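Below is one structure, written out as structure tokens; the observations come after it.
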Amino acid sequence: MSISKTYQPQEAEAKWYNYWLTNGFFKSLPDEREPYTIVIPPPNVTGVLHMGHMLNNTIQDVLIRRARMQGKNACWVPGTDHASIATEAKVVALLKEQGISKKDLTRDEFLKHAWVWKEKYGGIILEQLKKLGASCDWDRTRFTMEDDLSDAVIDTFIHLYKKGWIYRGVRMVNWDPQGKTAVSDEEVIRKEVNQKLYYINYPVVGEEAHVTIATTRPETIMADAAVFVNPNDERYLHLHGKSVYIPLVNREIPIKTDEYVTMDFGTGCLKVTPAHDLNDYELGQKHGLQVIDILNDDGSLNDLAQILVGEDRFAARKKIAVLLQEAGVLEKVEEYKSQVGFSERTDAVIEPRLSMQWFCKMDQMAKPALADVLNGDVKLIPEKFVNTYRHWMENVQDWCISRQLWWGQRIPAWYLPNGKFVVAKTAEEALEEAKQLSPDNAQLTIADLRQEEDVVDTWFSSWLWPISVFNGFKNPDGADINYYYPTNDLVTAPEILFFWVARMIMAGHEFRGQKPFTNVYLTGIVRDKLGRKMSKSLGNSPDPLALIEKFSADGVRVGILLSSPAGNDLMFDDSYCEQGRNFANKVLNAFRLLKGWEVDESLENTNQVAIDWFASRFNEALKEIEENFSQYRLSEALMATYKLVWDDFCAWYLEMIKPAYQQPIDSATYKATITFFEDVLKLLHPFMPFITEELWHDEIFGMRNERDCCIVAKMPVVGQINPQVLIEVEAVKQIISGIRNIRNSKQISPKEVLQLSLKANSAVNYTAYLPMVIKLGNIGTIDFVNEQVSGAASFMVLTDEFYIPLAENIDPVAETERLQKEMEYLNGFLKSVNAKLGNERFMQNAKPDIIENEQKKRADAEAKLKLIQDSLTALAG
RNA sequence: GGGAGCUUAGCUCAGCUGGUUCAGAGCAUCUGCCUUACAAGCAGAGGGUCACUGGUUCGAACCCAGUAGCUCCCA
């Protein structure tokens, strides 16, 4: 059977993914082993796989596969998030295409459509993750709006309400007057817009004077509650304590002072309209101002405006400018640029609007969540996020949990005819509650109760995720929750450190008395190579599945991990995936070499030194890789693996032991090499699951039974490291490089056999390594000499001298120059070392081992210098 | 406006508690090779005033202060 020279992944990927599934390798049930658990950050049901998911889930899969191979009971729970706002928008848009308006549907009818949509599109991402190789326990797939999880949301709402931690209150929201709904900050697109700044005179009460305010929104003057100046503004000291009339409506409002006012913006006088501006609202709260809301929910003016009633806000703006002009109070109009928010969904200008919302108190729950991170019970990786986290948690604001939507868990509050409300799980329970509230309610029936229309924020269900996926609410003492909770690692994006991570920690303490996870690995943002965020509108995001098609799943996994240190954004480029694919190809070709060997039992093993060296080198690298993993430096763990495989195993070890073309290999070397290769496959598996599994099952490894798979192979553990052999082979590699370098610079073909003379000065015994040098340097004979060899190309390794006689090719002038350059360098080096050793304060302050080291450096440099000097003398002579 | 962080080779990044020839890795570049595992490759080479300016220290990429530029988060 001939094996392709290049890796053909498509078939292997489908084959092995199915094989793993059929054999249940992703499944996890509680047992006596140590658990290792990850819950997926549930992707939105509206989403399709993007590069951020690729990064995030590759990391999770690497972690989970590694844990599985370490013998832990690895459980990766997948699922999706119902994403209220995004999904509802999608469904509304789809219905619109079908000529159906949401207004014409009942809540239940709409939800039916939404569920149909969810069933059809909601699982796309999870299916796509399978192409990446994600080894989730698919039997555990959850959805944030399925019955059990929704029950948990309702129950926890009631729990918190009874604790007094949920309340209703007024809040400024981003109102979309066209969609007639509040939208979240994330759905507001800020754009710079050309506007006009109107300067309007407000007459001062009881005086002939007036003050001039500057505003971009003259149509809101009727809602003004005060005029503010900065208390330090000397221009207006005389106005403190006075009041003014609002033009056109002649309502009297006070002049107040606050340092919030910027003196050099506009006139330094600020009209404050608490109902229609967030900053004004806060200022109003601070100073106890009246709130006058003059807008209807469609953006038109209401009766409270007194004038221009019924006009749209923008029409009103134009008209009031004329009215002000006519009244002679419009001082001037300037052009002005400022940021205006637009609704992502309707492109309407967002109106800051006060509305009654539900809130969850955060102060009590924030305490243990902050403590966990500060005392290290929950580790944020990288650590730099601890500061950000602390800052947020120390200034935490109450959480607005209501949304004016239908797709989500409906708030379990029922309003009574008298305007009061009760919170209960069902209408029946609500009725009971109501009756107990007051004897007046005795005659009420369920029909008299009206359930709150709003649903809870999606985060109010996802904050329960690590508990609810293990049925921790339905069955608080169940085997699953007791075994898997707290989970081990969470891999997510820093953008949602507060929205999600912090709240999960709060929920963990509140509902389980325990943190939800130990480590939080925060990934960076995937950007294009120009550093721009990947986005649909820029079209700069590659299609992940196309990438997999082109570079293989293994290649893409390697590519995306290579340059993604924790918390750093990664500048993604296809070339990383190409590097990954090339690496897979390298592994395949190493395999092809092994596969082609014939074993001759009668041959004696001449490669023991190489075998000993690679065994040590493997363990050394393994140790480094484990250290990288323990610090979650995945890209470095991968790079260390990459170099071990490519450089040490392929470029050095295989070349050392490789028999001549079509010659057989001895069985001891063969066996050792097969074992090494098997270990290499294991080490690679978490990064490149498909090719490793494919090769794992080849007959060169002997018979394997059905469940003997790389995915569940035992990860190698660090064994003996022989430092001496590592150091000596390092020297040998330098000798071989020296020979190759001479070939290259003298343009000597690698095929031409060269002679090597060695003048040994160091303690290294090269005898055992000479066959290696002969083979990899293509050397005929090596002789030991006691004198320098003249007319030969030379180089030095440690303090040993090597000569390759090339009489006709040697240029004594160039050689002299080379040696002088090196001598110059060494002299400089020696000077700096001597400066240290000659410095009394250095000798006093530096640690003894550092001084010793400097002394050794001096001795080495002096020895080398002497040798170079001798060579120079020889050349001159 | 408040907070956090970044600046090291052409690019992406390591560089731990200041002390090896500490200035590194991968990719890219250049040179020479189709040497039967691999041209998706092999061998070799070049490349940096560690943003700038001061300070602390026997010694600074690393500590401190300032300057410039960039990024993110909160309002």
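What you see is a predicted model, and the numbers here were worked out from it, not measured in a lab. A, B, ... follow the sequence lines: proteins, then strands. Residue 1 opens every chain.
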In B/S/- notation (B base, S sugar-phosphate only, - none; protein heavy atoms under 4.0 Å), nucleotides 27-35 of chain B written 5' to 3' is S-------S

Below 4.0 Å: OP1/OP2 of B/G44 and any side-chain N or O of A/S737: yes

It should be established whether A/K5 places a side-chain nitrogen or oxygen under 4.0 Å from OP1 or OP2 of nucleotide B/C38. yes

Say you pick atom C1' in B/U71 and the same atom in B/A65; how far apart are they, in whole Å? 23 Å

Distance only, no hydrogens: is a donor on one side chain within 3.5 Å (strictly under) of an acceptor on the other, for A/T273 and A/Y281? no

For A/T6 and A/Q8, test the side chains for any donor-to-acceptor distance below 3.5 angstrom and give the result as yes or no. yes

B/G24 and B/U49: how far apart are their P atoms, nearest whole angstrom? 14 Å

Side-chain contact check for A/K586: nearest option of B/G44, B/A25, B/A37 is B/A37

B/C64 versus B/C11 - spacing of their P atoms, nearest Å: 27 Å

Taking atom C1' in both B/A14 and B/A25, compute the distance separating them and give it to the nearest angstrom. 7 Å

Pick the C1' atom in B/A61 and in B/C52, then give their distance to the nearest Å. 14 Å

Kindly assign one of parallel, tilted or perpendicular to the pair A/F677 and A/F649, based on the angle between their ring planes and the thresholds 30° and 60°. parallel

We want to know whether A/S575 and A/D573 form a side-chain donor-acceptor pair, criterion being a heavy-atom distance below 3.5 angstrom. yes

Between B/G3 atom C1' and A/L497 atom CG, what is the distance in whole Å? 14 Å

Among side-chain atoms of A/T669 and A/N607, is any donor-acceptor pair under 3.5 angstrom? yes

Looking only at side-chain N and O atoms, does A/N387 come under 4.0 Å of OP1 or OP2 in B/G5? yes

Across all strands shown, which nucleotide pairs with B/U7 by Watson-Crick or G-U wobble geometry, both distances under 3.5 Å? B/A68

Aromatic rings A/Y670 and A/W597: how do their planes relate, parallel, tilted or perpendicular, breaks at 30° and 60°? perpendicular

Whole-Å C1' distance, B/C30 and B/G10: 13 Å

Assigned partner base of B/C16, Watson-Crick or wobble definition, under 3.5 Å: none

What integer number of Å spans the P atoms of B/C62 and B/U17? 14 Å

Centre of A/W646's six-membered ring, under 6.0 Å away, within 45 degrees of the axis: is that where NZ or CZ of A/R617 sits? no

For B/C38, take OP1 and OP2 only and decide whether either is under 4.0 Å from a side-chain N or O of A/R581. no

